[in-house]
A.B. asks: 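Structure below; questions to follow.
Fair warning: this is a prediction, and the values are worked out from it, not measured in the lab. Below, chains carry the letters A, B, ... as their sequence lines are ordered, and counting in each starts from 1.
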Amino acid sequence: MLQVQVIREQKQAVINGLQKRGLKEIEASLDTIINLDNKRKETQRKQDDLQAESNTLAREIGNLMKSGNKEEAEKLKKRTSEIKETVASLNADLTQIEVDLQKELYALPNVPTEKVPAGKSADDNITVHTFGSIPELAENALPHWDLIKKYDIIDFDLGIKISGAGFPVYKGKGAKLQRALINFFLDEAEKQGYREIQPPIVVNEASGYGTGQLPDKEGQMYHATADNLYLIPTAEVPITNLYRDLVMNEAELPVKNVGYTPCFRREAGSWGAHVRGLNRLHQFDKVEIVQIRKPEESEKALDEMCLYVQSLLEKLELPYRKLLLCGGDMGVNSAITYDMEVYSAAQKRWLEVSSVSNFETFQANRLKLRYKNKEGKTQLLHTLNGSALALPRIVAAILENNQTEKGIRVPKILQAYTRFEMID
RNA sequence: GGAGAGGUGGGUGAGAGGCUUAAACCAACAGUUUGCUAAACUGUCGUACGGGUUAAACCGUACCGGGGGUUCGAAUCCCCCCCUCUCCGCCA
């Protein structure tokens with residue numbers, strides 16, 4: 001959520017930024033917001049003044065009663081009851097204005113930073129880095145959905161039987177590969193100074209609002225209605241909400257947390273021909289990194305996070321490309337996002353395996369996450385996060401790219417974790 | 001699931017219609033003293049919104065889990081909801 005103050009003071013910059021997302025008629029909605037805010041101030045001022053008068057009268061009435069001057073007290077009571085009516089009506093106005101204002105503010109996405117290119121879709125993203133070469137596979141190379149059957153390591157049919165489509169069952173070396181990847185990712189993050197967190201994987205409503213899944217993406221989360229809890233779509237939700245409603249000390253910064261959790265997504269309406277196999281699931285595993293930074297440090301932190309994610313892919317010997325997302329392809333909360341895409345050789349496609357974003361103050365404003373700066377002023381912090389990494393598509397790429405006559409070769413660095421070299 | 005007890009500032013905790021401008025203590029911060037540490041003393045110390053200011057100071061309003069109500073006046077009385085803790089039951 002943008003701050004009204006920013007919209008007021010940097011209106012043109014906000015317009016320029018939002019135009020990069022392909023939004024139109026931004027100025028009109030900014031003006032609506034400023035007008036509503038003016039009305040809010042005016043109404044509140046009237047209400048405060050009347051309230052002050054009423055408070056004074058109440059004290060006077062108290063004194064008059066004590067001294068036994070009942071007649072005079074009755075007169076003043078009349079005036080206070082008039083004030084009360086006016087205050088009630090002003091208060092109703094104020095509540096309505098605030099609701100309208102918040103609705104307008106929720107509707108505005110974050111302002112992209114200077115670096116973000118304008119654009120409508122994935123076609124306008126910029127490839128800023130590539131690594132590795134695309135593997136040449138044999139004629140009879142198989143896509144991962146055939147490989148998992150051939151080696152009996154991941155079973156979609158069993159998942160359908162006990163849960164439904166999109167809930168795979170990992171078996172034998174498939175299960176061990178999952179566990180190996182999770183441990184590898186957590187160990188690497190720890191080496192980079194991240195603290196490991198094991199959060200709950202269901203969260204309450206307030207947490208959903210804190211990170212912005214609610215109200216916008218209500219239908220995308222599994223909802224346990226009996227207890228009004230939501231299954232998390234990403235570890236970002238619980239790990240970032242740890243810091244909701246907080247004024248931090250400078251000494252507690254920066255925060256660098258990492259967590260492994262399963263992630264649950266309903267993916268309502270997003271299934272199509274190109275999302276076979278592991279490409280899209282209702283439940284998947286992910287290791288997520290979250291940072292909380294002082295504003296002046298967040299840009300550098302984002303670069304560090306990207307380089308860290310890239311190092312994971314390089315250690316796993318996976319060819320990838322790094323994309324700077326254009327305005328139109330970024331999530332609403334983000335100010336700047338880099339995606340890492342791994343090449344999946346048998347599908348002949350790039351698969352997104354990580355998304356690293358700086359939300360700047362957008363998320364912190366909703367979370368009420370602030371710190372006291374050197375001047376002792378309370379100021380919003382910057383939040384950042386990234387997948388490091390999401391498992392299914394990494395698994396898909398490893399299976400496809402590393403397939404040989406004899407089986408699937410496990411990347412060298414993972415062998416210490418799997419304790420086998422081949423899936424066969 | 002059953003029964004009970006509670007939710008007050010960063011923490012502990014008093015307050016039971018107007019004497020609260022929320023006591024007191026602890027923590028934190030600044031200063032004084034001191035060979036260092038410590039201690040002692042003094043001072044500062046909630047959040048949001050609005051007004052005001054170059055910036056402060058300062059002024060107003062709201063906030064004692066949340067929402068309603070009673071009253072001239074509510075942390076305090078009434079109603080609804082949420083949460084936490086304790087005991088019993090069940091249970092990895």
A.B. asks: Are side-chain heavy atoms of A:Lys322 and A:Asp339 found at a separation under 4.5 Å?
C.D. replies: no

A.B. asks: Distance check, C1' atoms only: B:U70 and B:C79, in whole angstrom units.
C.D. replies: 11 Å

A.B. asks: Mind calculating the distance between CZ (A:Arg45) and C1' (B:G50) to the nearest angstrom?
C.D. replies: 8 Å

A.B. asks: In whole angstrom, give me the gap between the C1' atoms of B:C82 and B:G67.
C.D. replies: 10 Å

A.B. asks: Quick one: look up who B:U71 pairs with, Watson-Crick or G-U, both distances under 3.5 Å, and put none if it's unpaired.
C.D. replies: none

A.B. asks: Ignoring hydrogens and angles, tell me if any N or O in the side chain of A:Asn110 forms a donor-acceptor pair with the backbone of A:Phe359 under 3.5 Å.
C.D. replies: yes

A.B. asks: Check every strand shown and say whether A:Arg40 touches a base, only sugar-phosphate, or nothing at a heavy-atom separation below 4.0 Å.
C.D. replies: sugar-phosphate

A.B. asks: Could you check which nucleotide pairs with B:A22 in any of the strands shown, counting Watson-Crick or G-U wobble with both distances under 3.5 Å?
C.D. replies: none

A.B. asks: Quick check: do A:Glu205 and A:Asn228 have side-chain heavy atoms less than 4.5 Å from each other?
C.D. replies: yes

A.B. asks: Do we get A:Lys173 above A:Tyr151's six-membered ring, with its NZ or CZ under 6.0 Å from the centre and within 45° of the axis?
C.D. replies: no

A.B. asks: Could you please name the option among B:U71, B:G18, B:G51 that lies closest to any side-chain atom of A:Ala58?
C.D. replies: B:G18

A.B. asks: Rounded to whole angstroms, how far apart are CD on A:Glu98 and P on B:G67?
C.D. replies: 12 Å

A.B. asks: I need the CG-P distance between A:Asn228 and B:G66, as an integer number of Å.
C.D. replies: 19 Å

A.B. asks: A:Gln51 has a side chain; which of B:C72, B:G51, B:U61 sits nearest to it?
C.D. replies: B:U61

A.B. asks: Do A:Glu104 and A:Thr32 pair up side chain to side chain, a donor and an acceptor below 3.5 Å, judged on atom types alone?
C.D. replies: no

A.B. asks: Given side chains that start at C-beta, do those of A:Arg393 and A:Glu352 come closer than 4.5 Å, heavy atoms only?
C.D. replies: yes

A.B. asks: Counting distance only, does the side-chain N/O of A:Thr80 pair as donor-acceptor with the main-chain N or O of A:Ser54 below 3.5 Å?
C.D. replies: no

A.B. asks: Write down the distance separating the C1' atoms in B:A39 and B:C58, rounded off to the nearest Å.
C.D. replies: 38 Å

A.B. asks: I need the CG-C1' distance between A:Asn91 and B:G50, as an integer number of Å.
C.D. replies: 15 Å

A.B. asks: Whole-Å distance between B:G73 P and A:Leu64 CG?
C.D. replies: 15 Å

A.B. asks: Please work out if A:Lys77 contacts a base, only the sugar-phosphate, or nothing of the nucleic acid, heavy-atom cut-off 4.0 Å.
C.D. replies: base

A.B. asks: Please tabulate the protein-to-nucleotide N/O contacts below 3.5 Å involving nucleotides 44-48 of chain B, giving atom names and distances.
C.D. replies:
residue : atom : partner  : partner atom : Å
B:U47   : OP1  : A:Lys372 : NZ           : 3.0
B:A48   : OP1  : A:Arg370 : NH1          : 3.2

A.B. asks: Does B:G60 have a Watson-Crick or wobble partner in any strand here, with both distances under 3.5 angstrom, and which is it?
C.D. replies: B:C49

A.B. asks: Looking for any heavy atom pair under 4.0 Å, which part of the strands does A:Lys78 touch: base, sugar-phosphate only, or nothing?
C.D. replies: nothing

A.B. asks: Can you check the distance between B:A75 and B:G6, where both ends of the measurement are the C1' atom (answer in whole Å)?
C.D. replies: 15 Å

A.B. asks: Of the candidate nucleotides B:G73, B:U61, B:G51, which contains the atom at the shortest distance from the side chain of A:Asn55?
C.D. replies: B:U61

A.B. asks: Expressed as a whole number of Å, how far does the P atom of B:C83 sit from that of B:A74?
C.D. replies: 29 Å

A.B. asks: For B:U84, give the paired nucleotide (Watson-Crick: N1-N3 plus N6-O4 or O6-N4; G-U: N1-O2 and O6-N3; both under 3.5 Å), or none.
C.D. replies: B:A5

A.B. asks: Quantified in whole Å, what is the P atom distance between nucleotide B:C19 and nucleotide B:U76?
C.D. replies: 14 Å

A.B. asks: Can you check whether A:Lys46 has a side-chain N or O nearer than 4.0 Å to OP1 or OP2 of B:G50?
C.D. replies: no

A.B. asks: More 5' along RNA chain B: A:Ser81 or A:Asp37, using each one's nearest nucleotide?
C.D. replies: A:Asp37

A.B. asks: Would you say the side-chain atoms of A:Ser89 pair up with the backbone N or O of A:Glu85, donor to acceptor, closer than 3.5 Å?
C.D. replies: no

A.B. asks: Given that both distances must come in under 3.5 Å, which nucleotide forms a Watson-Crick or G-U wobble pair with B:C29?
C.D. replies: B:G43

A.B. asks: Please determine, for B:C91, whether a Watson-Crick or G-U wobble partner exists with both distances under 3.5 Å, and give it or none.
C.D. replies: none

A.B. asks: A:Glu82 and salt bridge (charged side-chain N to carboxylate O under 4.0 Å, His left out): which single residue from A:Lys78, A:Lys84, A:Arg79 fits?
C.D. replies: A:Arg79

A.B. asks: With both distances under 3.5 Å as the test, what is the Watson-Crick or G-U wobble partner of B:G35?
C.D. replies: none

A.B. asks: Using whole Å, report how far CD1 of A:Ile83 lies from C1' of B:G73.
C.D. replies: 13 Å

A.B. asks: Establish, from distance only, whether the side-chain atoms of A:Gln10 and A:Gln5 form a donor-acceptor pair under 3.5 Å.
C.D. replies: no

A.B. asks: Taking atom P in both B:C25 and B:C45, what distance in whole Å separates the two?
C.D. replies: 15 Å

A.B. asks: Which nucleotide in the set B:U61, B:U71, B:G51 lies at the smallest distance from any side-chain heavy atom of A:Ala52?
C.D. replies: B:U61

A.B. asks: Can you tell me how far P of B:C83 sits from CG of A:Asn204, to the nearest Å?
C.D. replies: 9 Å

A.B. asks: For the side chain of A:Ile61, starting at C-beta, report the closest nucleotide among B:G51, B:C72, B:G60.
C.D. replies: B:C72

A.B. asks: What's the NZ-C1' distance between A:Lys41 and B:G52, to the nearest Å?
C.D. replies: 13 Å

A.B. asks: Now, which nucleotide makes the Watson-Crick or G-U wobble pair with B:G17, with each of the two distances under 3.5 Å?
C.D. replies: none

A.B. asks: Quantified in whole Å, what is the P atom distance between nucleotide B:G43 and nucleotide B:A48?
C.D. replies: 27 Å

A.B. asks: Relative to the 5' end of RNA chain B, which residue comes earlier, A:Gly62 or A:Asp49, by the nucleotide with the nearest heavy atom?
C.D. replies: A:Gly62

